Structure formats: structure tokens, C-alpha cells
Student: 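This structure is in C-alpha cells; I'll ask about it shortly.
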Amino acid sequence: CSDSQRPQVWRTTARVHIMTTQCAGLFDRLCQEEVRPEVLEQIQKDVPRTFPSHPRFSSKQSQRTCMNLSRILHAYAVFDDQVGYTQGMSFVAATPLMILPPHEAFWVFVYIMQDMEFREYFLPRTSTNHSLP
């Protein structure tokens, strides 16, 4: 698929229109909710380390991109408090943010974590968790 088609492919695959309609305003509400201080601290540490050589994260627009990435990670930590935030999630969340606005990138991130089962890799370690090879 071409670069120009990628946003629509993600929107369709992740059912972004359905989620933004059924859960209108949820992303913004999640961004306003409190998150545990240690989660917020880890997000603030990791966001600047995310794709440091990518133009979206290292140019004039990087401050806005980093702020939006922080918002997505904060919202997800509230949305899925069992996972919260774990180092490495910023790279997963940043990928859709490179091609979509934050409220849509959030729902693609939710899709990746929930439907594609990436969240299993970020759960606190238990004997039932999957492990990477």
C-alpha cells in the first residue's frame, strides 16, 4: 500500500470510525484522569527516547509530537490500568501517531494492544504471560 493509503488502511483495520463514534470524547477524558506518579514519570523519561532520529521526533514539530505521544500513553495507562505503562510501549504508540492525528492514533494503539494482543507482552510478569523469543 502506498504512503497516502496507510492512514485509511489503519483507520479501517482498527475500526477507528466506530470507536470514535461509540466512545466519543473518551480519549480526551482519559487524558484528564490521574495516573499513578511512577507511570507518569516513566512516560516522561521514555517519550524523548522514542525514535530520536526520526524527523517527527527530532525536528521543529517534535515538541508537539512528543506531547501527543505522552497524551496517548497517559490515556492508555488509564484505559488499561492492568498494563498501565511499560517501557517500550512508546514505540508501538508512536508508529500510528506518525500518520494519524492523536485521537485516531490512540484507537489504533488500543487495537494493536488489545486485538493484536501486544498487551500480553507488556503485562507485569506472571507465569501465564507470553515471552518474546
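Nothing here was measured: the structure is a model prediction, and the numbers come from that model.
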Student: Counting distance only, does the side-chain N/O of T86 pair as donor-acceptor with the main-chain N or O of F122 below 3.5 Å?
Tutor: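 Yes, the answer is positive, given that a donor and an acceptor are paired below the 3.5 Å cut-off.
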Student: Which pair of heavy atoms, one from Q82 and one from P124, lies closest together, and at what distance?
Tutor: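 Heavy-atom minimum between the residues: O-CD, 3.6 Å.
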Student: Taking all non-hydrogen atoms of both residues into account, name the closest pair between S58 and P52 and its distance.
Tutor: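 Closest approach of S58 to P52: CB-O, 3.2 Å.
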Student: Who pairs with E33 by salt bridge (charged side-chain N to carboxylate O under 4.0 Å, His left out), at least two apart in sequence or on another chain?
Tutor: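 Residues passing salt bridge (charged side-chain N to carboxylate O under 4.0 Å, His left out) with E33: none at all.
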Student: Same hydrophobic cluster for F91 and M67, using side-chain heavy-atom links shorter than 4.5 Å among ILVMFWY?
Tutor: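 In one cluster: no.
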Student: Quick one: closest heavy-atom pair of L69 and A93, and the distance?
Tutor: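 Between these two residues, the closest heavy atoms are CD1-CB, 3.7 Å.
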Student: Just jot down the salt bridge (charged side-chain N to carboxylate O under 4.0 Å, His left out) partners of R29, sequence neighbours excluded, or say none.
Tutor: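 None.
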Student: Should the pair R15-D115 be classified as a salt bridge under the 4.0 Å nitrogen-to-oxygen rule?
Tutor: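 Salt bridge between R15 and D115, a charged N being under 4.0 Å from a carboxylate O: yes.
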Student: Do the side chains of V110 and M19 get nearer than 4.5 Å, heavy atoms only?
Tutor: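 M19 vs V110: side chains apart.
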Student: So, taking the atom named CD in E41 and the one named CZ in R36, what distance separates them when rounded to the nearest 0.5 Å?
Tutor: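 One finds 12.5 Å between CD of E41 and CZ of R36.
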Student: Could you list the residues that satisfy side-chain contact (heavy atoms from CB on, under 4.5 Å) with T13, not counting sequence neighbours?
Tutor: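 V9, Y111.
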Student: Might you point out which heavy atoms bring A77 and V35 nearest each other, and give the distance in Å?
Tutor: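 For A77 versus V35, the nearest heavy atoms are CB-CG2, 3.8 Å.
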Student: Let me confirm one number: the CZ-CD1 distance from R56 to I99, rounded to the nearest 0.5 Å.
Tutor: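 So the CZ of R56 and the CD1 of I99 are separated by 10.0 Å.
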Student: Closest approach of L100 and P7, non-hydrogen atoms and distance?
Tutor: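 Looking at all heavy atoms of both residues, the closest pair is CD2-CB, 3.8 Å.
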Student: Kindly write out the residues that satisfy side-chain hydrogen bond (donor to acceptor under 3.5 Å, both in side chains) with D80, not counting sequence neighbours, or none if the list is empty.
Tutor: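 So D80 forms a side-chain hydrogen bond (donor to acceptor under 3.5 Å, both in side chains) with Y76, Q114, R119.
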Student: So F27 and P102, do their side chains get closer than 4.5 Å, heavy atoms only?
Tutor: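 Contact flag for P102/F27 side chains = yes.
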Student: Measure the OG-CD distance between S90 and Q42 for me, rounded to the nearest 0.5 Å.
Tutor: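 With rounding to 0.5 Å, OG (S90) is 9.0 Å from CD (Q42).
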Student: Residues in ring pair (Phe, Tyr, Trp, His ring centres under 6.0 Å) with F118, at least two apart?
Tutor: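 Per chain and number, F118 pairs via ring pair (Phe, Tyr, Trp, His ring centres under 6.0 Å) with no residue.
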Student: With R71, which residues qualify under side-chain hydrogen bond (donor to acceptor under 3.5 Å, both in side chains), at least two apart?
Tutor: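 In terms of side-chain hydrogen bond (donor to acceptor under 3.5 Å, both in side chains), with neighbours along the sequence ignored, R71 is linked to D28.
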Student: Got a sec, which residues hit side-chain hydrogen bond (donor to acceptor under 3.5 Å, both in side chains) with Y85, two or more places apart in sequence or on another chain?
Tutor: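 Result, side-chain hydrogen bond (donor to acceptor under 3.5 Å, both in side chains) vs Y85: D46.
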Student: Can you list everything that forms a salt bridge (charged side-chain N to carboxylate O under 4.0 Å, His left out) with E34? Sequence neighbours excluded, please.
Tutor: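 E34: no salt bridge (charged side-chain N to carboxylate O under 4.0 Å, His left out) contacts found.
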Student: Could I get the full list of salt bridge (charged side-chain N to carboxylate O under 4.0 Å, His left out) partners for R64, not counting sequence neighbours?
Tutor: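 In terms of salt bridge (charged side-chain N to carboxylate O under 4.0 Å, His left out), with neighbours along the sequence ignored, R64 is linked to no residue.
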Student: Sequence neighbours left out, what passes side-chain contact (heavy atoms from CB on, under 4.5 Å) with T20? Give chain and number order.
Tutor: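 With neighbours one apart ignored, the set is V16, H103, W107.
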Student: For side chain to side chain contact (heavy atoms under 4.5 Å, CB included), just list the numbers for F109 and L97, CA-CA rounded to whole Å, side-chain angles, deciding distance to a tenth of an Å, and then say yes or no.
Tutor: CA-CA 9 Å; F109 181 53; L97 182 59; over 6 Å; no
Student: Out of curiosity, I72 CD1 to I43 CD1, how far, rounded to the nearest 0.5 Å?
Tutor: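 Interatomic distance, I72 CD1 to I43 CD1, rounded to 0.5 Å: 11.0 Å.
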Student: Name the orientation class of the two ring planes belonging to F79 and F106 (parallel below 30°, tilted from 30 to 60°, perpendicular beyond 60°).
Tutor: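 The arrangement is perpendicular - the two ring planes meet at more than 60°.
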Student: For the CD atom on Q63, are there more than 12 heavy atoms of other groups (residues, nucleotides or ligands in this structure) within a distance under 6.0 Å?
Tutor: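 At most 12 heavy atoms, drawn from other residues, nucleotides or ligands, come within 6.0 Å of this atom.
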Student: Under the side-chain contact (heavy atoms from CB on, under 4.5 Å) test, which residues partner T95, sequence neighbours left out?
Tutor: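 side-chain contact (heavy atoms from CB on, under 4.5 Å) check on T95 returns F51.
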Student: Once salt bridge (charged side-chain N to carboxylate O under 4.0 Å, His left out) is applied, what residue pairs with a partner in residues 85-114 remain, sequence neighbours excluded?
Tutor: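 Every pair satisfying salt bridge (charged side-chain N to carboxylate O under 4.0 Å, His left out) with a residue in residues 85-114: R11-E104.
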Student: Would you say M89 and M113 make side-chain contact, with heavy atoms under 4.5 Å?
Tutor: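 When only atoms from C-beta onward are counted, M113 and M89 do touch, with a gap below 4.5 Å.
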